[in-house]
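See below for the structure under consideration.
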2 protein chains.
Amino acid sequence: MIDYSILVKSPLFGGIPEEECRALFSKIHYQVRKFEKDAIIVQGGEEVTNLFVVLSGSVRGEMIDYSGKTVKIEDIEAPRPLAAAFLFGKENKFPVTVTANKKSELLAIPVVEFLKLLQLNTRLLRNYLNNISTRAQFLSQKLHFLSFKTIKEKVAHFLLQQAGDRFHSFELKNTQQQLAELFGVTRPSLARVLGEMQNENLIKIEKKTVTLLDKQGLNSLLKNG
Amino acid sequence: MIDYSILVKSPLFGGIPEEECRALFSKIHYQVRKFEKDAIIVQGGEEVTNLFVVLSGSVRGEMIDYSGKTVKIEDIEAPRPLAAAFLFGKENKFPVTVTANKKSELLAIPVVEFLKLLQLNTRLLRNYLNNISTRAQFLSQKLHFLSFKTIKEKVAHFLLQQAGDRFHSFELKNTQQQLAELFGVTRPSLARVLGEMQNENLIKIEKKTVTLLDKQGLNSLLKNG
DNA sequence: GGCAAAATGTACCAATTGTTACAAAATGAT
DNA sequence: ATCATTTTGTAACAATTGGTACATTTTGCC
């Protein structure tokens, strides 16, 4: 049996009254599967044919590298859905192997049945679309940032974004070390670039205060990439 | 009026019979808007309240940088949809300003109405979900690639992924130029690295056939990053 | 104020990648 | 088969970044 009071706390079914939820599930086929600790729920690479929602317990996703060793881990607790972004699209395979951290219950809804649900309930449809869209937008933004090749470009982009419409001066909230990690570069390399940009009279740094001396010039760094 | 013979050639409405399409649109509110050459269709930053589909003509998306100048351009011809990935989610603003390249007609469907359509027609729902999911998966994959710092790591990862559980030999379906773009590096740099990896007896390339000589070694490139 | 710890500025050299250019090889069309 | 086009291999040099080390400055705390 599904505990609807938990289900409606999930991102997907949030905002849907329990009664409505119960009515929805009476119209489709689904399964509640129980897994013991360390049971494998899905193998990475398997085709995604069901939407899984963790109803109780906790599961973990493990990346398996090419030599067969476990690499990264992400825990998924109730009542979160599992690989919701891989239900559709060209590459609808599980990117990770999922294992139960402890005794767990998972709701399994076949894709066709989930499609029916989406068409029956507007709130669910909105939830799901918002969920995968937000994810796509997040990825897109992150990618945009990484698309800048040189450290100078990254710094220029970061500073212009931070400044926004404000004045030319503002406070840095991060240390160079933190910024270096954000940009994916080493700390001395970042320091060197900051130094260069000061010599070129693009910016001025005093303690934690950054002043953009030449917004025009900073922009041209981005364009001529 | 909508020319349904064109609409059903779009990614969204593909596979839906014209008659069915006509019936669908009789149930919702929508507009067909005409734009003269160089007319602004949407401003970047505006909230996305409509799904736009180019019915005739051609439009272009222009990025506006921080100083207010146009940067990048992407052309969208009929019958492609416009910013379909930004209809939902947290940041549902247009990332670009869209302008008409020439006299154009655009179908404008308010978000609420589009939701109705999705619930009325399973094929349309599948099309749309596949569309944005594929996009998200593409972004995700690309991001993963960029997380590897050296070209060697990227190549090792790519080759091991392509090979999968198959034999050690397989056919490359992409040119070096395409791979270089996928990796975000230049073509000669990629060629050099491929050469080095052959000298180190990690791989062998003959025409389009790649043979992985040392999977172990390729793996260790990824781990010791 | 004085002191330890953290953060920053710099310097040097190695490693990696980009840039440009050109030749060889493969591909496709006639 | 031949020719034009695309793809690939390779080289030399420039530019960028990483790695390491150390001095200096700033910060936080007593």
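Chain letters run A, B, ... following the sequence lines, proteins first and then strands; every chain starts at 1.
Rounded to whole Å, atom P of dA26(C) lies 11 Å from atom CD of E206(B). For R192(A) and dG9(C), the CZ to P distance is 14 Å, given to the nearest whole Å. One interatomic measurement links the two molecules: CG of N199(B) to P of dG9(D), which rounds to 12 Å at whole-angstrom precision. For K149(A) and dG18(C), the NZ to P distance is 7 Å, given to the nearest whole Å. As rounded to whole Å, 7 Å separates atom P of dG9(D) from atom CD of Q198(B). Per the geometry, CZ belonging to R187(A) stands 8 Å off C1' belonging to dG9(C), to the nearest Å. For the pair E196(B) CD and dA11(D) C1', the interatomic distance rounds to 13 Å; values are reported in whole Å. Atom-to-atom, CD1 of I151(A) to C1' of dG19(D) comes out at 13 Å; the value is rounded to the nearest Å.
A84(A) and I132(A) make their closest contact through O-CG2, 4.2 Å (heavy atoms, listed as atom of the first residue, atom of the second, distance). For the residue pair I40(B) and Q43(B), the shortest heavy atom distance occurs at CD1-NE2, 3.7 Å.
With respect to the salt-bridge test (charged N to carboxylate O, under 4.0 angstrom), the residues E196(A) and K152(A) qualify. Looking at R60(A) and D38(A), a side-chain N of the basic residue comes within less than 4.0 Å of a carboxylate O on the acidic one, giving a salt bridge.
Mapping K208(B) and N174(A) onto DNA chain C by nearest heavy atom places N174(A) closer to the 5' end of the strand. Mapping Q176(B) and P188(A) onto DNA chain D via the closest heavy atom, the residue that lands nearer the 5' end is Q176(B). The residue among K152(A) and L194(B) whose nearest nucleotide of DNA chain D lies closer to the 5′ end is L194(B).
Listed nucleotides dG18(D), dT8(D), dA11(D) differ in distance to T186(A); the shortest reach to its side chain belongs to dG18(D).
Contact annotation for S189(A): base contact, defined as any heavy-atom pair under 4.0 Å involving a base atom.
Taking the six-membered ring where the residue is Trp, F148(A) and H157(A) present tilted rings, their angle falling between 30° and 60°.
Within the 4.0 Å cut-off from OP1 or OP2 of dT16(C), not a single side-chain nitrogen or oxygen of T150(B) is found.
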